[in-house]
Amino acid sequence: MYKILVTGACGQLGSVLVKRLRSKHGEHNVIASDIRSKPDIEELFIKLDVTDSNALEKVITKYQIKEIYHLAAILSAKGEESPLKTWDINIKSLLNVLEVSRLKNVKKVFYPSSIAVFGDHIDRNYTSQISCLSPKTVYGISKVAGENWCQYYFDNYGLDVRSIRYPGIIGYQSLPGGGTTDYAIDIFYKAIEGVEFKCFLSENTSLPMMFIDDAIRATIELMRAPKELIKTRSSYNISGISFSPAQIVESIKKLLPDFKITYKPDFRQGIAENWPSSINDSEARGDWGWNSKFNLDDITEIMIAELTKKNKIKTHNV
Ligand code: SER
């Protein structure tokens, strides 16, 4: 087995993906890297700023990396606080990954895109793979550019880059940071603490979402699919479920009937209104067999059970 590098390994997806890849390919074949450090990924962890191409090249050479999952990025809501910095980090890091991969003979690269690539002039219901991409956030603009750069490296250099447009990811392992879809995680923390949740989106704003297990499985299935099945080299739409704050509240109340929410939409409402409410992922289904498994009530049940467990451990240790 060859060596794999994960950037952004301390993030919401990265921390779970590293564990999953290690259990599949062996502890010592997966190098976790991030600009910050996190105590639970101690093994083979490297502090790495991917915007520094020399530092990246050294890691690729030293460990003879043949596959990269480039997850480091600034997300939608956080990105709006400093647009130029977000563009710089998101694009510089991707270009470094693509260029070093080309020069150092990396076999495969994974690039996470997002539903944030969509904006005006789309059909928000069941948005197609091939749609107008005119995002309103700097994060979305960087992801559209990133998708095109992936296509460019595939077309011109034959680099095997594969990509998914993730919906909002819901998981209990770590907190997300700076996304518009993050309310759908924070809400569970408040629910198990018995605290009223102040939602920054309005009641009926429906967005595409996915449970973290589905997102990780999609990533690994795409990366392991035979090369000839991968027909889209910009990024694949993938769909899990879609729900609004009102629907997630209904699901939570089946288990925690006293749960309370108030709505106080802020600038993130504007971001959400520009995104699809559901996704047509027929290309991913047809090309490499994608199929999601978790519905809203499954997710609610797991989130409440896992976060309650975590909370008990925390309370016990205090
Ligand atoms: N979850 C991301 C965000 O909200 C979308 O890809 O920014």
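FYI, side chains are in, hydrogens and waters are out, and symmetry mates aren't considered; it's all heavy atoms of this structure. Counting convention: from 1, in listed order, for ligands and their atoms alike. Computed from a prediction, not measured in an experiment: that's the story for all the values here.
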Do we see a donor-acceptor contact under 3.5 Å between the side chains of Glu99 and Tyr153? yes
Would you call the rings of Trp290 and Trp288 parallel, tilted or perpendicular, where under 30° means parallel and over 60° means perpendicular? tilted
Over 60° means perpendicular and under 30° means parallel, so tell me whether Tyr69 and Phe110 are parallel, tilted or perpendicular. tilted
I'd like to check which ligand 1 atoms, numbered from 1 as shown, lie under 4.0 Å from a non-hydrogen atom of Trp275. 3 (C), 4 (O), 5 (C), 7 (O)
Ligand 1 atoms in contact with Leu75 (distance to a heavy atom under 4.0 Å): 7 (O)
Among all protein heavy atoms, pick out the one at the shortest distance from [atom]; state its residue, atom name and that distance to 0.1 Å.
| atom | value |
| --- | --- |
| atom 2 (C) of ligand 1 | Thr181 OG1, 3.9 Å |
| atom 4 (O) of ligand 1 | Thr180 N, 2.6 Å |
| atom 6 (O) of ligand 1 | Ser114 OG, 2.6 Å |

Examine the proximity of ligand 1 to Ser76 and report which part, side chain or backbone, both or neither, has a heavy atom under 4.0 Å away. both
Ligand 1 versus Tyr183, non-hydrogen atoms closer than 4.0 Å: side chain, backbone, both, neither? neither
Quiz: residues 211-219 side-chain donor-acceptor pairs under 3.5 angstrom, not counting sequence neighbours:
residue: Asp214; atom: OD1; partner: Arg217; partner atom: NH2; Å: 2.9
residue: Asp214; atom: OD1; partner: Lys293; partner atom: N; Å: 3.1
residue: Asp214; atom: OD2; partner: Lys293; partner atom: N; Å: 2.9
residue: Asp214; atom: OD2; partner: Phe294; partner atom: N; Å: 3.1
residue: Arg217; atom: NH1; partner: Glu221; partner atom: OE2; Å: 3.1
residue: Arg217; atom: NH1; partner: Asn291; partner atom: O; Å: 3.4
residue: Arg217; atom: NH2; partner: Asn291; partner atom: O; Å: 2.8
residue: Thr219; atom: OG1; partner: Tyr166; partner atom: OH; Å: 2.7
residue: Thr219; atom: OG1; partner: Ala215; partner atom: O; Å: 2.7

Do Glu57 and Lys104 sit within salt-bridge range, that is, some charged N less than 4.0 Å from a carboxylate O?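 Yes.
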Rounded distance [0.5 Å steps], OH in Tyr183 versus OG1 in Thr205: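 Taking OH in Tyr183 and OG1 in Thr205, the distance rounds to 8.0 Å.
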